[in-house]
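Shown next, in C-alpha cells, is the structure this report addresses.
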Number of protein chains: 2
Amino acid sequence: MAMRRAGVSAIRALCSSPNSTRPVHSTAGSKKIVGVFYKANEYAELNPNFVGTVERGLGIRDWLESQGHRYIVTDDKEGPDCELEKHLSDLHVLITTPFHPAYVTAERIKKAKNLQLLLTAGIGSDHIDLKAAAEAGLTVAEVTGSNVVSVAEDELMRILILVRNFLPGYHQVINGEWNVAGIAHRAYDLEGKTVGTVGAGRIGRLLLQRLKPFNCHLLYHDRIKIDPQLENETGAKFEEDLDAMLPKCDIIVLNMPLTEKTRGMLDKERISKLKKGVLIVNNARGALVDTQAVADACASRHIGGYSGDVWFPQPAPKDHPWRYMPNQAMTPHISGTTIDAQLRYAAGTKDMLDRYFKGEEFPLQNYIVKEGVLAPQYR
Amino acid sequence: MAMRRAGVSAIRALCSSPNSTRPVHSTAGSKKIVGVFYKANEYAELNPNFVGTVERGLGIRDWLESQGHRYIVTDDKEGPDCELEKHLSDLHVLITTPFHPAYVTAERIKKAKNLQLLLTAGIGSDHIDLKAAAEAGLTVAEVTGSNVVSVAEDELMRILILVRNFLPGYHQVINGEWNVAGIAHRAYDLEGKTVGTVGAGRIGRLLLQRLKPFNCHLLYHDRIKIDPQLENETGAKFEEDLDAMLPKCDIIVLNMPLTEKTRGMLDKERISKLKKGVLIVNNARGALVDTQAVADACASRHIGGYSGDVWFPQPAPKDHPWRYMPNQAMTPHISGTTIDAQLRYAAGTKDMLDRYFKGEEFPLQNYIVKEGVLAPQYR
C-alpha cells in the first residue's frame with residue numbers, strides 16, 4: 001500500500017495492528033531520493049570510510065542508481081533558492097542528518113507533494129516538524145542505535161574534561177606557559193562525585209554503564225525506571241522528581257529528546273537551584289536549555305563548566321554566546337558522526353531504503369512517525 | 001635507631017627482617033623539615049582544600065610547629081642561590097612533589113649532611129637520584145596509592161580526547177568556525193579499538209577496569225601477570241613481549257616508572273614499528289620517550305595523537321617541541337594533583353612524618369629506598 005498521504009485515520013487503523021505483515025510502503029517505480037549532508041571538501045580523500053558526506057553520500061549511489069532510482073546529494077539547505085528547495089516538488093524520500101540539519105518545516109512539507117519518507121541518517125529528528133509530518137501522513141524514521149555508543153563515549157569524555165579542568169592546562173601549553181596552580185585549584189577526580197542523567201534511554205544507559213567503574217554516585221531521571229538488572233549492575237538510583245534530583249548533582253548530563261515538553265527545560269530558574277559550580281554536559285539538543293541563561297550562569301561561575309556538541313541553530317553563528325563564555329568545552333555537532341557511527345548509520349539508512357522499495361516494515365524502534373502516527377515519546 | 005647514614009651493609013642486614021618492629025627512624029629532638037611545592041598565588045584563596053601549595057604547605061604547619069619542629073616551605077628550587085639550597089646544610093626531612101620537582105641530585109644529597117628522609121608528596125620519585133640516596137643510607141618514600149585513581153581517570157580522558165578528535169572541534173568553536181568534516185574525518189569510537197598499557201601496576205590496573213565497559217581489546221605488558229581475577233574481570237590479555245604488543249595497538253598508554261631501564265624506551269626505532277596513526281597517552285614520565293622522535297612522528301602523522309601531562313624537564317621550557325607539534329593534547333603536570341589527590345597525599349605525608357617522629361615503620365609499599373636499600377623495581 002502506498003503512503004500517499006492517505007487519510008491519517010485510515011493509517012492509524014492500519015497501524016493498530018503492529019504484527020501486520022502487509023506492506024505499507026510504496027513499491028512502485030523509480031524514486032527520487034535527496035540526501036542533505038555536510039561537505040567533506042579537502043578531507044574527502046583522507047579517509048575511505050568518510051561516508052556521511054556530500055562527496056560519499058552514504059556510499060549508496062551505485063546501489064540506488066542500479067535499481068533505477070535518482071539520487072541527489074547536497075549540503076545546500078538554507079533559503080528559498082537553495083538546492084534542497086529545487087527538489088522539494090518531486091522528491092519521494094528526503095534523507096537528512098542532525099549534524100548539518102536541513103530544517104524540514106511545515107511549509108517545506110506542504111511543497112513536497114510527492115514526499116513519502118523522511119529518513120534521519122543518525123539519531124534525533126527534531127529538525128523535522130513532526131506534527132506537520134504526521135498530519136501529512138508521512139513516515140519519519142531514524143537509525144536508532146546507530147550512534148548511541150558514540151554519543152555515550154563522548155559524554156564521558158566531556159564529563160572528564162570538565163571535572164578535571166583539562167582545557168586551561170592545554171591553553172597554557174600552547175601559550176608557552178606553565179602554571180599548575182591555575183589548573184589544579186579547580187581540578188577534581190570524578191570518583192565520589194554525584195552524576196545525574198536526565199533521561200536514561202539508550203544513550204543514558206550506556207553512559208551509566210561506562211560510569212560504573214569510576215565509583216560515582218549515579219542518579220537518573222526518566223519517565224520510567226530502567227531494567228532492574230541494569231539498575232543493580234550500575235548502582236544508579238531512580239529519581240522520579242527531576243527537580244529533586246538536579247540540586248543533588250555535581251555533574252548533570254542531558255540525555256532526552258527535544259520535544260515540545262522538554263524544550264527549554266533547563267531555564268534560568270532551574271539553573272538557579274543547581275549546586276554552585278555544577279558541571280553540565282549536553283550532547284542531546286541545544287534547545288533543551290536556555291542559551292542565554294547558560295551563558296550568564298557560566299559567566300557568574302554558578303555553572304562551573306558546560307560542554308556539549310549541540311547548539312541552536314546549527315551551524316552555530318559566529319556570535320553565539322557559548323563560543324565565548326568561560327569554562328566551556330564545546331565543539332560543533334560531532335559526537336554521533338564518528339567514522340564508526342557513519343558506517344553504521346549509512347548501513348541502517350540503506351537497509352530502510354531497501355525495505356521501503358520492497359514494501360517491508362522498518363525495525364519498529366526506528367519509527368518516529370509511522371504513516372502519520374507519532375511514536376509515543378513524541379506525543 | 002637513627003638513620004644517620006650508618007653503613008649500608010648494617011642497614012641491609014636490619015632490613016632483611018621485614019617483620020621487625022624495631023623503630024628505624026630517628027625520634028630525637030626538633031627536626032627541620034623543608035617542603036618544595038608549587039605556588040598557588042592568586043588561586044590560593046579560591047579553594048580551602050588547595051593544600052598542595054606553598055601557601056598551604058600540605059596543611060601541616062600548625063601540627064609540626066606544635067611539636068617543636070621547624071617547617072620551611074618554598075617553590076624556589078633552581079640554581080645555587082635558591083631557597084632550597086640555603087637549607088640543605090641542616091635540614092632533616094625534604095618533602096618534594098613530582099608536579100614542581102626539586103631535583104635532588106647526588107651533589108645536593110652530599111651537601112645535606114643531616115638529611116635522613118626524602119618524602120614525595122605524590123607518586124614518582126625519579127626527580128631524586130635514588131642511587132645517591134641509597135649510597136647515603138637515606139630513606140625515600142612516597143604516598144603510594146594517593147593519586148592512582150586521579151591519574152587513571154586522566155588517562156581515560158586523554159584516550160577519549162585523542163580517539164574522538166576533540167581539540168580541533170574546540171578550536172573551531174573559539175575561532176568562530178563550524179566545519180564538521182574537519183573533525184569527523186578522523187574521529188572514531190573507542191569501542192572496538194585495541195588499547196595496550198605498558199605497565200599494569202596500580203594505575204594501569206585501574207585504567208583497565210575503567211576501560212572495560214568500552215568494549216575494547218585490552219592488552220598489557222608488565223614484568224609479571226596481573227591477578228587472574230582482574231585479568232578475567234577486565235578481559236585484558238598479557239603480552240610478555242613488549243615489541244610484539246606495541247604494533248598491535250591503536251592506542252598505547254605508558255604506565256611504568258622511570259628507571260634507568262625504562263628511560264627513552266619509546267625511541268625512534270620503536271615508534272617506526274607502531275601502527276600508522278597510533279595514539280599515545282603518557283602520564284607516566286616524559287623521559288620514557290624520545291622527545292624529538294615523538295615530535296617528528298606527530299609531524300609526519302605516523303603518531304596520530306599524543307597526550308600526556310609529563311615532560312622533561314619540568315616546567316617545560318617555552319620552546320619545548322611538544323607544545324607546538326600537531327595533534328597534541330598536552331597539559332602541564334597536573335593529573336595527580338587534583339584537589340582530591342592533594343588531600344590524600346597531604347594526609348599520607350603527615351602520616352609518614354608522624355611515624356618518623358615516633359620511630360615507626362612506614363606502610364611497606366611506600367618505600368622507594370629504605371635506609372639505603374632500593375625497592376626491587378628500581379634496582
Side-chain angles (χ1 to χ4, degrees), chain A residues 38-41 43 46-47 50 52-53 99-100 149-150 153-154 156-157 160-161 164 166-167 169-170 172-174 176 178-192 209-210 212-214 309 315-316 318 322-324 328-335 337-342, chain B residues 38-41 43 46-47 50 52-53 99-100 149-150 153-154 156-157 160-161 164 166-167 169-170 172-174 176 178-192 209-210 212-214 309 314-316 318 323-324 328-335 337-342:
Chain A
Y38 55 81
K39 266 195 181 163
N41 292 320
Y43 305 103
L46 296 180
N47 193 327
F50 197 14
T53 58
F99 314 109
H100 182 73
V149 163
S150 312
E153 286 187 2
D154 199 87
L156 189 42
M157 174 191 74
L160 288 166
I161 284 172
R164 306 191 59 86
F166 167 76
L167 279 168
Y170 172 71
Q172 287 184 19
V173 167
I174 58 177
W178 186 283
N179 179 353
V180 171
I183 311 156
H185 75 282
R186 57 195 307 270
Y188 292 89
D189 292 346
L190 177 52
E191 182 165 279
Q209 288 175 314
R210 279 153 185 74
K212 167 65 177 160
F214 284 89
D309 71 336
K318 277 190 198 304
W322 292 358
R323 290 184 184 268
Y324 310 107
Q328 58 86 355
M330 299 296 296
T331 65
H333 195 167
I334 49 157
S335 67
T337 184
T338 58
I339 295 295
D340 306 86
Q342 290 176 51
Chain B
Y38 55 83
K39 265 196 181 163
N41 292 321
Y43 304 102
L46 296 181
N47 193 328
F50 197 13
T53 57
F99 314 108
H100 181 73
V149 163
S150 312
E153 286 187 3
D154 200 86
L156 189 42
M157 173 190 75
L160 288 166
I161 284 172
R164 306 190 59 85
F166 168 76
L167 279 168
Y170 172 71
Q172 287 184 19
V173 167
I174 58 177
W178 185 283
N179 180 353
V180 171
I183 311 155
H185 74 282
R186 57 195 307 269
Y188 291 88
D189 292 347
L190 177 52
E191 182 164 279
Q209 289 176 314
R210 280 153 185 73
K212 167 65 176 159
F214 284 89
D309 71 337
Q314 292 183 181
K318 277 190 198 306
R323 290 184 185 268
Y324 311 107
Q328 59 86 353
M330 299 296 297
T331 65
H333 195 168
I334 49 157
S335 67
T337 184
T338 57
I339 296 294
D340 306 86
Q342 290 175 50

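Quick caveat, the model's predicted, so the values are computed rather than measured. Computed from heavy atoms alone, side chains included, the values below leave out hydrogens, waters and symmetry copies. Quick note on labels: first sequence line is chain A, next is B, and so on, each numbered from 1.
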Determine the option with the most heavy-atom pairs under 4.5 angstrom with chain B, choosing from [options].
options                                   : value
Val149(A), Leu46(A), Asn41(A)             : Val149(A)
Ala341(A), Gly169(A), Ala40(A), Ala181(A) : Ala181(A)
Pro315(A), Ala187(A), Gly52(A)            : Pro315(A)
Tyr43(A), Phe99(A), Tyr324(A), Tyr38(A)   : Tyr43(A)
Asp189(A), Asp309(A), Leu167(A)           : Asp189(A)

Report the residues that fulfil salt bridge (Lys or Arg N to Asp or Glu O under 4.0 Å) with Arg210(A), sequence neighbours left out, ordered by chain and then residue number.
-> Glu191(B)

Quick one: [atom1] on [X] to [atom2] on [Y], what's the gap to the nearest 0.5 Å?
X         : Y         : atom1 : atom2 : result
Ile334(B) : Gln172(A) : CD1   : CD    : 8.0 Å
Leu160(A) : Ile161(B) : CG    : CD1   : 8.5 Å
Leu190(B) : Asp154(A) : CG    : CG    : 11.5 Å
Leu156(A) : Phe214(B) : CG    : CZ    : 4.5 Å

Chain B heavy atoms under 4.5 Å from Thr53(A): which part of the residue, side chain, backbone, both or neither?
-> neither

Checking heavy atoms, do the side chain of [X], its backbone, both or neither come under 4.5 Å from chain A?
X         : result
Gln342(B) : side chain
Lys212(B) : neither
Thr337(B) : both
Ile339(B) : both
Asn47(B)  : side chain
Tyr188(B) : both
Ile183(B) : side chain

Is there a side-chain contact between Pro332(A) and Val173(B) (heavy atoms, below 4.5 Å)?
-> yes

State whether the side chain of [X] and the backbone N or O of [Y] hold a donor-acceptor pair below 3.5 Å, judged by distance alone.
X         : Y         : result
Gln209(A) : Pro213(B) : no
Arg164(B) : Ser335(A) : yes
Arg323(B) : Ile174(A) : no

Can you check side chain to side chain contact (heavy atoms under 4.5 Å, CB included) on Lys318(A) and Trp178(B), steps first, answer last?
-> CA-CA 9 Å; Lys318(A) 277 190 198 304; Trp178(B) 185 283; over 6 Å; no

Contacts of Tyr170(B) meeting side-chain hydrogen bond (donor to acceptor under 3.5 Å, both in side chains) (sequence neighbours excluded), chain-then-number -> His171(A)

Parallel, tilted or perpendicular: rings of Phe166(B) and Phe166(A) (30°, 60°) | perpendicular

